[in-house]
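Down below is the structure, laid out as structure tokens.
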Amino acid sequence: MTKLYTVAEMTGREIFRRRGVLVLLLTLPLAFYLARRTDHSGQAVRFVLLGVSWAVSVVALFAGSASRAIEPRLRLSGYRSHQLYLGRLAALWGIGAVLSVPYTLLVAVDQDAVRSGAVAVAMLLGVAVAAPLGLLLSAVLPRELEGTLALLIVIGLQMIIDPSATVARSLPFWSSREIATYAVDHVDSGYLERGVLHGLGFMIGLTVLVAVISTLRLRRRPHLRVMPIQ
Amino acid sequence: MIEAHNNQWLAALAVELRRCGVAPDLAHHVVHEVATHLRDSGEAASQVFGTPAAYAAAVADSLGPSTGIYQARRPTGQVRLAVRGVSKRYGRRSVLRNVDLTVRAGEIAAIVGANGCGKSTLLRICAGILSPDSGEVFIDGRIGYCPQEGGTYDFLLPDEHFVLVGAGRGMSRDQAVSDGRRQAGHLGWDARERVLARHLSGGTRQKLNLVMSSLGDPEILLLDEPYQGFDRGTYLDFWDQLWEWRNAGRAIVVVTHLLNHLDRVDTVLDLTPSAPVTGVGQRRAEP
């Protein structure tokens with residue numbers, strides 16, 4: 001547990017010191033929100049949810065990329081693979097949860113007749129999906145630029161594809177749009193249920209993928225045998 | 001005025017002689033001789049002898065390697081690392097062919113060879129980070145690995161690196177920090193400064209890298225050209241440190257392309273394809 005906590009702590013410290021990047025990323029959801037606030041308040045809520053998810057994804061991508069070269073030596077220093085990726089995920093989820101608070105409050109205060117509880121759930125689910133998504137991209141796309149462009153594609157598609165289309169469900173943040181519809185348009189609870197299931201499914205699926213890739217990449221190769229040598 | 005200058009110069013000379021590997025009693029004798037000469041002549045040391053580093057190097061050269069403290073000996077400790085028949089290809093290019101290497105506790109093995117001959121590849125295979133196409137590596141003990149580049153977090157402080165690696169080794173925070181700072185001190189670096197790793201100079205960053213690899217006293221040290229960016233003094237300190245670790249019973253493999261310190265290692269593995277000994281560790285410094 002100490003090892004996992006130490007990884008989480010150092011991930012948090014490393015992220016909080018990227019101040020310039022953090023400020024830009026954390027104001028992005030606000031920009032999304034303000035851009036649609038006057039003409040379509042429902043879209044403003046959907047966009048702030050996507051903004052928070054995108055910000056957390058990018059932070060996760062940076063954290064994953066920064067760790068890529070160091071993880072092999074940490075494995076040799078006594079860490080297990082799961083301690084590395086779970087510690088990193090724990091830090092990212094924590095940071096995302098903290099980031100969600102002001103935006104949830106903003107929507108609750110600024111919007112009339114919005115189901116604030118549902119907005120909070122959508123926000124947290126977005127964070128839960130975004131962290132492993134960013135880590136996964138950092139694992140398969142070693143350079144930050146490539147990962148950031150991949151995230152832009154994901155978030156761009158999420159914004160332009162009709163959420164009722166079947167293909168939209170294959171996108172990671174479909175849940176936030178579904179729950180936002182429930183929160184803003186006061187539709188039936190089926191939207192909420194589908195959204196929560198979709199979000200949880202993606203969170204678990206992406207986390208499993210991160211676990212598999214990390215374990216494979218950081219595995220001890222079979223040619224190496226630890227034993228007393230005669 | 002001259003006396004104060006000379007005293008400072010003599011103190012610096014003592015340090016440089018140690019760095020050059022001159023035995024302590026011999027170094028003391030040299031310093032005493034120089035001090036006597038300066039006192040008698042009343043001259044400024046720097047005018048007569050030049051810089052302490054240059055004079056120490058000249059003294060060490062004139063004494064020859066056999067007078068240094070680095071007396072090679074045949075290691076007798078248990079085998080910590082055994083590489084057996086390791087081969088590796090990248091595409092059509094074969095970089096390692098049937099390589100064997102045995103390193104015992106209390107032994108320094110140097111892997112040398114031209115650029116691209118597979119030195120770093122072999123070290124990564126020894127660390128279990130990279131798979132060979134064939135062959136096996138047996139280890140008996142924990143590994144500390146110092147990569148050639150990277151290996152640190154840009155936005156963490158040196159102490160935080162020590163805590164991170166130390167936790168993996170089962171060390172407490174205080175223990176990791178104090179041990180890290182102590183080892184940094186041996187390399188002439190005050191690691192207490194609160195400077196992010198990205199703001200450290202290249203050489204200091206490599207010192208951090210090196211200290212991280214040896215934290216927790218792993219029995220096997222795999223060092224991939226860890227001295228890059230070191231100034232001359234630190235480079236000599238690094239070899240002193242290596243020697244101390246060796247005398248403490250650690251098995252050390254160091255990748256190097258600088259051949260001027262091979263008299264300080266016990267085994268040399270030359271991976272140059274045209275080398276007369278291919279693949280098998282060749283002992284250069286016999287007792």
Side-chain angles (χ1 to χ4, degrees), chain A residues 1-22 59 62-84 87-88 91 95 142-144 214-230, chain B residues 78-86 102-104 124-147 149-157 160-161 163-173 176 196-198 209 212-213 215-216 218 220 222:
Chain A
M1 203 61 187
T2 307
K3 292 178 184 176
L4 200 148
Y5 173 79
T6 305
V7 172
E9 180 198 343
M10 294 308 162
T11 302
R13 285 175 185 251
E14 216 251 346
I15 288 171
F16 278 117
R17 291 202 179 109
R18 296 170 181 259
R19 292 198 182 109
V21 178
L22 271 184
V59 170
F62 286 175
S65 298
S67 303
R68 201 178 161 87
I70 303 166
E71 283 182 336
R73 83 178 308 171
L74 292 179
R75 272 285 282 135
L76 289 170
S77 300
Y79 286 93
R80 306 284 296 273
S81 299
H82 74 272
Q83 290 165 335
L84 295 174
R88 200 150 289 123
I95 290 167
R143 279 172 283 277
E144 287 177 355
S214 298
T215 306
L216 281 174
R217 193 162 56 83
L218 298 173
R219 74 191 185 282
R220 177 186 286 163
R221 270 52 175 186
H223 73 277
L224 189 71
R225 301 193 183 175
V226 184
M227 58 195 296
I229 307 165
Q230 300 303 317
Chain B
Q78 65 192 100
V79 176
R80 290 289 189 192
L81 174 76
V83 179
R84 296 289 176 258
V86 163
T102 301
V103 187
R104 293 176 175 275
R124 288 165 63 79
I125 289 172
C126 289
I129 296 170
L130 185 67
S131 294
D133 294 330
S134 63
E136 288 177 312
V137 175
F138 301 91
I139 58 167
D140 182 5
R142 297 167 304 157
I143 291 177
Y145 173 61
C146 180
E149 54 189 23
T152 56
Y153 279 107
D154 280 353
F155 290 85
L156 289 186
L157 302 169
E160 290 165 347
H161 284 89
V163 169
L164 184 60
V165 173
R169 296 266 185 228
M171 301 166 77
S172 71
R173 282 170 180 258
L196 295 179
R198 71 191 185 117
N209 216 345
M212 286 167 71
S213 66
L215 217 55
I220 304 160
L222 306 174

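Contact annotation for B:Leu157: both backbone and side-chain heavy atoms come within less than 4.5 Å of a heavy atom of chain A. Only the side chain of A:Glu9 comes within contact range of chain B, judged by heavy atoms closer than 4.5 Å. At a 4.5 Å heavy-atom cutoff, A:Phe16 makes no contact with chain B through either its backbone or its side chain. Neither the backbone nor the side chain of B:Leu215 comes within contact range of chain A; no heavy atoms are under 4.5 Å apart. When heavy atoms are compared at a cutoff of 4.5 Å, B:Arg124 does not approach chain A at all. Within the 4.5 angstrom heavy-atom criterion, no atom of B:Ser134 approaches chain A. Neither the backbone nor the side chain of B:Asp133 comes within less than 4.5 Å of any heavy atom of chain A.
Between B:Gly144 and B:Arg169, the closest heavy-atom pair is CA-NH2, 3.6 Å.
Once rounded to the nearest 0.5 Å, the distance linking CG of B:Asn209 with OH of B:Tyr145 reads 9.5 Å. One distance of note links CZ of A:Phe62 with CG of A:Leu22; it measures 9.5 Å at 0.5 Å rounding. Atoms CG and CG, from B:Leu81 and B:Asp140 in turn, are 10.5 Å apart once rounded to the nearest 0.5 Å.
Contacts with chain B were tallied for A:Leu218, A:Thr2, A:Ile15, A:Leu76; A:Leu76 has the most, counting heavy-atom pairs under 4.5 Å. In terms of non-hydrogen atom pairs under 4.5 Å with chain A, the most contact-rich of B:Ile125, B:Asp154, B:Val83 is B:Ile125. Residue with the most contacts toward chain B among A:Arg18, A:Arg221, A:Met227, A:Lys3: A:Arg221 (heavy-atom pairs, distance under 4.5 Å). Contact count against chain B (heavy-atom pairs under 4.5 Å) is highest for A:Glu14 among A:Glu71, A:Arg220, A:Arg217, A:Glu14. In terms of heavy-atom pairs under 4.5 Å with chain A, the best-connected choice from B:Val165, B:Ile129, B:Leu164 is B:Leu164.
No more than 12 heavy atoms of other residues, nucleotides or ligands sit less than 6.0 Å from atom CZ of A:Arg80. The neighbour count for A:Arg219 CZ, taken as heavy atoms of other residues, nucleotides or ligands under 6.0 Å away, is above 12.
For the 3.5 Å distance criterion, the side chains of B:Arg84 and B:Thr102 qualify, holding a donor opposite an acceptor. Between the side chains of A:Arg88 and A:Ser67, at least one donor-acceptor pair of N or O atoms lies under 3.5 Å.
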